[in-house]
Amino acid sequence: MPNTNDELHHSGWNTCSSCYGDASKVRNKLILPCLISSRIYVVDVGTDPRAPRIHKTVEPYEVFWKCGLANLHTSHCLGCGEIMISSIGDPYGNGKGGFVLLDGETFEVKGNWEAEGEAAPFGYDFWYQPRHNVMISTEWGAPKAFALGFKMEEVQAGMYGHSLNVWDWTEHRRIQTIDLGEDGLIPLEIRFLHDPDAAQGLVGCALSSTVFRFYKEKDGKWAAEKVIKVPSKKVEGWALPEMPGLITDILISLDDRFLYFSNWLHGDIRQYDITDPRNPKLVGQIFLGGSILRGGPVTVLEDKDLECQPDPVIVKGKKVPGGPQMIQLSLDGKRLYVTNSLYSKWDKQFYPDMIKEGSVMLQIDVDTEKGGLKLNPNFLVDFGKEPGGPVLAHELRYPGGDCSSDIWV
């Protein structure tokens with residue numbers, strides 16, 4: 001990339017399944033919004049898929065001046081052909097959950113999606129379900145807080161979110177706020193079920209290490225209930241006396257049968273059967289690094305899940321650094337890919353060795369009948385061996401769309 005300190009984070013496509021039936025649409029541009037600089041790159045991956053090239057760069061001032069937004073995160077294409085990108089803040093580092101609209105052909109900034117004055121206090125991820133005329137967005141925190149590293153006192157000072165924001169999809173107005181409380185601190189990735197008729201989905205709350213089911217009630221309002229709780233571990237040799245799992249990514253298989261999520265601090269990936277989304281059943285679990293490894297600086301004093309601390313993981317001679325973070329599932333559900341960088345400032349704070357060694361990408365074989373996760377010992381992408389030095393890999397995308405890029409309408 002031509003600039004440094006952008007913090008490439010999440011990505012999306014110029015077109016996706018929401019544009020089904022429009023033969024003029026081609027999925028050939030990757031949309032790369034930047035978490036820190038607020039720049040947007042449009043990358044041509046169609047002309048030569050093995051040699052992506054920058055098609056257009058939207059400079060930060062365009063986002064600041066036209067939208068009053070900054071710190072960009074999730075990108076989704078819309079059925080109308082436009083591209084929508086969520087914001088986390090305003091140009092001054094305060095929290096602000098709004099949405100930038102790009103023209104789907106020229107990639108010019110058109111303005112805000114949300115009606116004037118309707119932005120949420122915080123922003124992060126979003127998912128829409130047009131058949132229910134709804135979009136729901138989540139909340140990380142104020143950029144001036146998280147950008148410099150995590151501090152628990154800033155959570156207590158109200159600089160991080162704990163609510164789901166419900167929007168009227170056609171009127172672009174925020175119609176409801178669902179406060180998840182202490183059990184729902186820092187709700188990040190949100191997923192409706194893929195079935196476009198579904199009026200429910202799941203959201204992972206990082207700091208509380210919980211998963212909430214959100215759903216539409218008979219009166220048309222939306223509600224949420226906690227369905228999974230990952231217990232904290234009592235530890236010594238760490239920053240706090242109790243270590244949360246820190247659920248940082250979740251996804252739902254395309255058949256809406258399994259939920260997967262990563263615990264970045266505890267170091268495990270979990271697979272749940274969500275045939276009944278109100279009662280998820282744990283059917284698979286695998287440890288891939290993390291902060292509680294045997295022989296490391298942290299001693300676990302009390303653990304409600306494990307009898308002993310997990311061993312370090314070595315793949316093709318390399319010890320896996322950090323903890324599992326972003327995940328992506330193959331379309332047939334049989335292979336789960338994982339990277340282990342969350343955000344460079346937090347990586348440096350919690351896993352300083354990964355800054356020196358670079359991150360990795362691993363592959364997990366999935367039992368799609370009974371459930372179960374197994375590491376593929378022959379698959380490793382070592383980002384520590386990049387020619388320009390170690391790098392930190394985050395989100396993964398399939399060229400043809402995947403479980404978290406595409407929305408069916």
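As a basis for the values below, the full set of heavy atoms in this structure was taken, side chains included, without hydrogen atoms, waters or symmetry mates.
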Checklist line | Glu105 and its salt bridge (charged side-chain N to carboxylate O under 4.0 Å, His left out) partner, picked from Lys56, Lys29, Lys25 | finding: Lys25
Next item on the list: Assess the side chains of Ser341 and Tyr351: does a donor N or O sit below 3.5 Å from an acceptor N or O?
Entry: no
Item checked: Test item: Leu362 and Leu375 side chains (from C-beta on) under 4.5 Å apart, heavy atoms -> yes
Check: Does the side chain of Thr138 come under 3.5 Å of the side chain of Glu189 through a donor N or O and an acceptor N or O?
Finding: no
Item checked: Over all atoms of both residues, closest heavy-atom pair of Leu202 and Phe214 -> N-CE2, 3.2 Å
Check: Is there a donor-acceptor contact under 3.5 Å linking the side chains of Asn263 and Asp268?
Finding: yes
Checklist line | Audit row: Glu7, Ser344, side-chain hydrogen bond (donor to acceptor under 3.5 Å, both in side chains) steps and yes/no | finding: CA-CA 8 Å; Glu7 195 77 32; Ser344 61; 2.7 Å; yes
Check: Would you say Gln129's side chain and Ala198's backbone share a donor-acceptor pair under 3.5 angstrom?
Finding: yes
Check: Hey, does the side chain of Arg270 reach the backbone of Gly284 with a donor-acceptor pair shorter than 3.5 angstrom?
Finding: no
Note to self: Nearest 0.5 angstrom please: Leu254 CG to Leu193 CG, how far?
What the structure shows: 12.0 Å
Margin query: Are more than 12 heavy atoms, taken from residues, nucleotides or ligands other than Lys229, located less than 6.0 Å from that residue's NZ atom?
Written below: yes
Note to self: Between His132 and Phe192 (judged by ring centroids, cut-off 6.0 Å), do the two rings come close enough to count as a pair?
What the structure shows: no
Notebook entry, point to check: What pair of heavy atoms forms the shortest contact from Thr275 to Pro277, and how long is it?
Noted result: O-CD, 3.5 Å
Margin query: Whether the side chain of Asn340 engages the backbone of Val360 through a donor-acceptor N/O pair (distance < 3.5 Å, no angle test) should be reported.
Written below: yes
Note to self: If you compare all heavy atoms of Gln285 against all heavy atoms of Leu373, which two are closest, and at what distance to 0.1 Å?
What the structure shows: N-CD1, 4.0 Å
Check: Do you see a donor-acceptor pair shorter than 3.5 Å between the side chains of Asn28 and Asp44?
Finding: no
Item checked: Backbone of Tyr124 reached by a side-chain donor or acceptor of Ser86 within 3.5 Å -> yes
Note to self: Please check this pair: side chain of Ser87 against backbone of Lys96, looking for a donor-acceptor N/O pair closer than 3.5 Å.
What the structure shows: yes
Item checked: Non-hydrogen side-chain atoms of Leu35 and Leu72 separated by less than 4.5 Å -> no
Check: Any ion pair linking Glu59 and Arg39 (charged N to carboxylate O, less than 4.0 Å)?
Finding: yes
Next item on the list: Sort out for me which residue in Asn71, Thr74, Leu69 forms a side chain to side chain contact (heavy atoms under 4.5 Å, CB included) with Ile88.
Entry: Asn71
Notebook entry, point to check: So, do Trp167 and Phe99 sit near enough that their side-chain heavy atoms are less than 4.5 Å apart?
Noted result: yes
Next item on the list: Compare all side-chain heavy atoms of Glu225 with those of Tyr215 and state whether any distance is below 4.5 angstrom.
Entry: yes
Item checked: Inter-residue atom distance Leu259.CG - Ile228.CD1, 0.5 Å rounding -> 5.0 Å
Next item on the list: Would you please classify the geometry between the His10 ring and the His394 ring as parallel, tilted or perpendicular, with 30° and 60° separating the classes?
Entry: tilted
Check: Stepwise, does the ring pair (Phe, Tyr, Trp, His ring centres under 6.0 Å) test hold for Phe287 with His266?
Finding: CA-CA 8 Å; Phe287 279 82; His266 287 179; 8.1 Å; no
Note to self: Closer than 4.0 angstrom, basic N to acidic O: yes or no for Arg278 and Asp276?
What the structure shows: yes
Next item on the list: Output yes when Lys319 and Asp311 qualify as a salt bridge under the 4.0 Å nitrogen-oxygen rule, no when they do not.
Entry: no
Notebook entry, point to check: Nearest 0.5 Å, what's the CD-CG distance between Gln176 and Leu164?
Noted result: 9.5 Å
Checklist line | Straight-line distance of Tyr398 OH to Cys403 SG, nearest 0.5 Å | finding: 8.0 Å
Margin query: Quick one, Pro310 and Ile292 - any side-chain contact, counting heavy atoms below 4.5 Å?
Written below: yes
Next item on the list: Could you check if a side-chain atom of Thr177 sits within less than 4.5 angstrom of a side-chain atom of Ser163, using non-hydrogen atoms only?
Entry: yes
Check: Cut-off 3.5 Å, side chains only: do Gln325 and Thr248 have a donor facing an acceptor?
Finding: yes
Notebook entry, point to check: What heavy-atom pair brings Ile178 and Ala224 nearest, and what distance separates the two atoms?
Noted result: CG2-CB, 4.0 Å
Notebook entry, point to check: CD of Glu114 to CE of Met84: how many Å apart, nearest 0.5 Å?
Noted result: 8.0 Å
Note to self: Using a strict SG to SG cutoff of under 2.5 Å, would you count Cys77 and Cys19 as disulfide-linked?
What the structure shows: no
Check: Does a side-chain N-to-carboxylate-O contact under 4.0 Å join Arg174 and Glu118?
Finding: no
Check: Do side-chain atoms of Asp347 reach the backbone of Leu392 as a donor and acceptor pair under 3.5 angstrom?
Finding: no
Check: Salt bridge between Lys316 and Asp382, side-chain N to carboxylate O under 4.0 Å?
Finding: no
Note to self: Do the side chains of Asp402 and Arg397 get close enough for a salt bridge, i.e. N-O under 4.0 angstrom?
What the structure shows: yes
Notebook entry, point to check: Hey, do the aromatic rings of Trp346 and Phe146 have their centres closer than 6.0 Å?
Noted result: no
Notebook entry, point to check: Is any NZ, NE, NH1 or NH2 atom of the basic residue among Arg173 and Asp168 found under 4.0 Å from an Asp or Glu carboxylate oxygen of the other?
Noted result: no
Notebook entry, point to check: Short question: side chain of Gln309, backbone of Val300 - any donor-acceptor pair under 3.5 Å?
Noted result: yes
Notebook entry, point to check: Within the side chain of Gln271, is there an N or O that forms a donor-acceptor pair under 3.5 Å with the backbone of Gly372?
Noted result: yes
Check: Would you find a donor on one side and an acceptor on the other, under 3.5 Å apart, between the side chain of Ser262 and the backbone of Trp264?
Finding: no
Checklist line | Stepwise salt bridge (charged side-chain N to carboxylate O under 4.0 Å, His left out) check, Asp365 with Lys374 | finding: CA-CA 5 Å; Asp365 294 324; Lys374 184 179 179 181; over 6 Å; no
Margin query: Would you call the rings of Tyr260 and Phe258 parallel, tilted or perpendicular, taking 30° and 60° as the class edges?
Written below: tilted
Item checked: Any side-chain donor near an acceptor of the partner, Glu139 and Asn165, under 3.5 Å -> yes
Notebook entry, point to check: Under the 3.5 angstrom rule, does the side chain of Thr106 hit a backbone N or O of Glu108 as a donor-acceptor pair?
Noted result: yes
Next item on the list: Apply the side-chain hydrogen bond (donor to acceptor under 3.5 Å, both in side chains) test between Asp125 and each candidate in His76, His73, Arg191; give the one that qualifies.
Entry: Arg191
Next item on the list: Check whether any side-chain heavy atom of Asp6 sits under 4.5 Å from a side-chain heavy atom of Tyr41, and report yes or no.
Entry: yes
Margin query: Counting only heavy atoms not in Lys216 (residues, nucleotides, ligands), do more than 12 fall under 6.0 Å from its NZ?
Written below: yes
Margin query: Once rounded to the nearest 0.5 Å, what's the spacing between atom CD1 of Ile269 and atom CG of Asp249?
Written below: 9.0 Å
Check: What heavy-atom pair brings Leu185 and Glu182 nearest, and what distance separates the two atoms?
Finding: CG-O, 3.6 Å
Margin query: Quick check on the 6.0 Å ring-centre criterion: do Tyr160 and Phe122 meet it?
Written below: no
Margin query: Would you say that Leu188 contacts Ile247 through its side chain, given a criterion of any heavy-atom pair below 4.5 Å between the two side chains?
Written below: no
Item checked: Thr210 and Asp183: side chain donor to acceptor below 3.5 Å -> no
Notebook entry, point to check: Between Pro244 and Ser232, which heavy-atom pair has the shortest distance, and what is it?
Noted result: CA-OG, 3.7 Å
